[in-house]
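See structure below.
To find a chain, count down the sequence lines: A is the first, B the second, and so on, and within it residues start at 1.
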Amino acid sequence: MLDIILMIIIIVSAILALIQKDLLKAAILTGFSGGALAVLFQILLAPDVALTQAIVGAAIVPVFIALAVKKTQRGDA
Amino acid sequence: MAETQLAVLFTSIALVVIGLYAAIFVDNIIKKIIGISFIEEGANLFIVGIGYKAGGIVPILLPDMDPTWFASNASYPLPYGLVLTSIVIGASTLAVMLALVMVLYRKYGTLSTSVMLADTSKQEEYDE
Amino acid sequence: MKLYDQIFYVVKKFKELFSPGPVTNADVSGSITAEIFLIVSLVIASLLLRHVSILLAGLVTFILAIVLISNIPLIPKFKIEQEDSLEKMLFYAIIVLGLIVVFLYWGGTLV
Amino acid sequence: MNELIPLMVIVPMMAALLISAFSKFDKVIRIFAFVVAICLPIIPLASNYGLHFFGGYQPIVDNVTNIVYHPAITYSFSFLQQIFIAVIGILTFLVVFIYLTKYKKVSGPYLFLLFMGTASVTALILTDDIFHMFVFFEILALAQVGIVAASSIDYSYEMALKYMILGSIGSPIMLLGIGFLLAMTGTVNVTDIVAIIRGGLLDITSPVFLLSLGLIFFGWLYASGLPPFHTIKSGIYSKAEPHGAALLQSFTVISMISIVIIMFRIYSVLPIFEVLIVLFSVIAMILGVSLALTQTDFRRMIGFLAVGELGFIGLGIGLGTQFAITAGLFQALNEIVITALLFIGFGAIVNATNEVDTRKLGGLLAYHPKVGIMLLIGGLAMAGVPPLSGFQSKLMLVQASLSCGYPELSILTIMVSIATFVVFVKTFYSMFLRPKPHDLEVVDKDVPRAMVFAMAVLLLIIIAFGLFPDIVTNGISSYVGGMLQ
């Protein structure tokens, strides 16, 4: 049951990230999607992939995007 | 538990489709890049889904396990190894793209793709 | 006389294609070569359909020749579609991806 | 001496890492880069043919079914790989040499990108593992983007970002295709996949197999710059520094042939595979040459010509007979050398005049006669004039398409060659022969010696291949014969 919930979280947060007006919120929602994907990898019996994805998808990618947003502009214009 | 695998494949294809949609139709360049990262995540999830064995165990051979029992119950580890590489490549590609965006923002002052990445061949063709 | 007018019109169109800047003989003759080359090569390439069906090849070649010749100048129209903006490149890339997948899924076992 | 096989990849890669780490010591990395660049063409020529298994995992024979499995990443090295790696080594040496002599202060990251690109194409052509291919395909894309972005030409960042975005759509699609293939066969080793398909263990008419072909094919289109990616490919050539562009086009050609050889081995059981390749090659030839005819920027023009020439390679491979594939691969080898010569030669002109618009140039033959003559011979070789190397490979292609029963394709091939000739003569006339415009100032009267030297070396290779094609075609032909069995 947990896996289905995770998949729903992944897809919904992906869609929400793309319809945000605020790019910082979009970055955080990308992190949500990546983190849920990491937990899903753990359920799919791939602990090593889950560790990497947890670092990359839930921390590095949102931080990169947030940095880029900070250096450019926050609103979606 | 074969439904899990089916649901995983469905999710991965949904991620790819969402990403492709964002890459074509969204004008903001950072959102476009976020969409591209979703395509990569979808492809990774698909490959992990291939290796998954319903009701199996994690593919780590402990000393007290019988190898034949392990071979018939563990999930297939080759795709997992591939995905590790693929995740790291995706992150580095994303970093390079965002760096280029930051440089270009200083020049154009906007994140709109239709301004930033428009046709440049006419401007440079004959400047007096 | 009508065809002559049309060819004259083609040369005028090429002037717009190269603006701003001077238009030399070499540029215009190059563009006319490109025009003729495009028409002839597309028609010859469509002849390859005879390996599928001879009737289809004849029909397609005939229609293609008429459509192409009656629509000169082609190169300015053609060049607008091949420009450097990301939107057009992405659009064509995704269209081609769709076409390949559809072509293979439904036609893969026929050939 | 099979230990030399992995060294072909390891040496440029280690050199790249060391150079970027110690980029503060200018004098030392200058000498180091030069020495490594000299080693690159020597290693493949000194090595013996054979296989190399990473980690020493030998192939396992299944006693019940008598099928051989390859657990290790395998590199196979034979005549085809040898000649291509040697040519790319020579080209890298020339490019690094031009770069080192051009600038007073060398940049470590730029040399890193050049060596990294060379390492990844070497790995691409050596590997027998479809995922290994994907990894180096991605590294190659990053290196190409870096080479483009490092140039000081206007709008180079924009072009690099466009290439990167298109690439990050193309490569996950290719990864999905590899995933489909992995799901069906359970292995990523090409030899094993081919054995499974030949053994009838796989339903080749199943939609999954067909879809995997479609997705990998799309990735290949991106890697090789065939339509719909011809505009971006010609764009990045025109936005890179001339010596960088000479190396970029060789990366494109080698990644094209190495991926298509792997695809051919897996998918040649499907007749539609060859139809697809011929279709896209014909479109590439027509579009590339007809767009090259209308360009006024000569770097962009050569970019489109290079894309058009790629169509010839694809045509040879799509026809699918031993003679045709040999012709296609020989054409690939010639194209690497000829296009590199043209890019370096036109780069010398940019160096001397700071002008890229053919309408503003003229009368350069009086200033740079050596460059002019060498460019003329290079252009004639690209158009296929005897006795140069382009003639030999194009003649082989025409014969191959005639003997396969497609006279239309041979007519098209000849027409495209003639149009290429027109493009080249038009540009040569407006740059070198017509009277010099009054407002044109020839800034720097000297062409760098290194560029003239590089062009002379490439010209020697062109003439040698043109006069004695047998030294290459015999070896390639026997490789192709082994592949088709």
Kindly check if the number of other-residue, nucleotide or ligand heavy atoms within 6.0 Å of [atom1] ([X]) is above 12?
{"X": "B:Tyr21", "atom1": "OH", "result": "no"}
{"X": "B:Phe10", "atom1": "CZ", "result": "no"}
{"X": "A:Lys25", "atom1": "NZ", "result": "no"}

Review point. When rounded to the nearest 0.5 angstrom, what is the spacing between CD1 in B:Ile33 and CD1 in A:Ile65?
Key: 8.0 Å

**Study point:** Gap between atom CD of B:Glu3 and atom CG of A:Asp3 - 0.5 Å precision
**Key:** 9.5 Å

So for [X], is it side chain, backbone, both, or neither that comes closer than 4.5 Å to the heavy atoms of chain A?
{"X": "B:Ala14", "result": "side chain"}
{"X": "B:Phe38", "result": "side chain"}
{"X": "B:Ile57", "result": "backbone"}
{"X": "B:Ile18", "result": "both"}
{"X": "B:Leu94", "result": "side chain"}
{"X": "B:Lys53", "result": "backbone"}

Could you look at [X] and say if it's the side chain, the backbone, both or neither that has a heavy atom under 4.5 Å from chain B?
{"X": "A:Ile4", "result": "side chain"}
{"X": "A:Leu2", "result": "neither"}
{"X": "A:Leu18", "result": "both"}
{"X": "A:Leu23", "result": "side chain"}
{"X": "A:Val61", "result": "both"}

If you look at every heavy atom in [X] and [Y], which pair is closest and at what distance?
{"X": "A:Phe64", "Y": "B:Ala91", "answer": "CE1-O, 4.5 Å"}
{"X": "A:Ala17", "Y": "B:Lys31", "answer": "O-CE, 4.1 Å"}
{"X": "B:Tyr52", "Y": "A:Ile43", "answer": "CE1-O, 3.9 Å"}
{"X": "B:Val48", "Y": "A:Ala46", "answer": "CG1-CB, 4.4 Å"}
{"X": "B:Ser37", "Y": "A:Thr30", "answer": "OG-CG2, 4.4 Å"}
{"X": "A:Met7", "Y": "B:Ala7", "answer": "SD-CB, 3.5 Å"}

Practice item. Find the one option among A:Ile15, A:Val49, A:Leu67 whose heavy-atom pairs under 4.5 Å with chain B are most numerous. Key: A:Val49

Side-chain heavy-atom pair [X], [Y] within 4.5 angstrom cut-off:
{"X": "A:Leu44", "Y": "B:Leu45", "answer": "yes"}
{"X": "B:Tyr105", "Y": "A:Gln73", "answer": "yes"}
{"X": "B:Glu41", "Y": "A:Gln53", "answer": "yes"}
{"X": "A:Ile8", "Y": "B:Thr11", "answer": "no"}

Revision key, fill the gap. Checked B:Leu15, B:Ile60, B:Val101, B:Leu98 vs chain A; the most non-hydrogen pairs under 4.5 Å come from B:Leu98

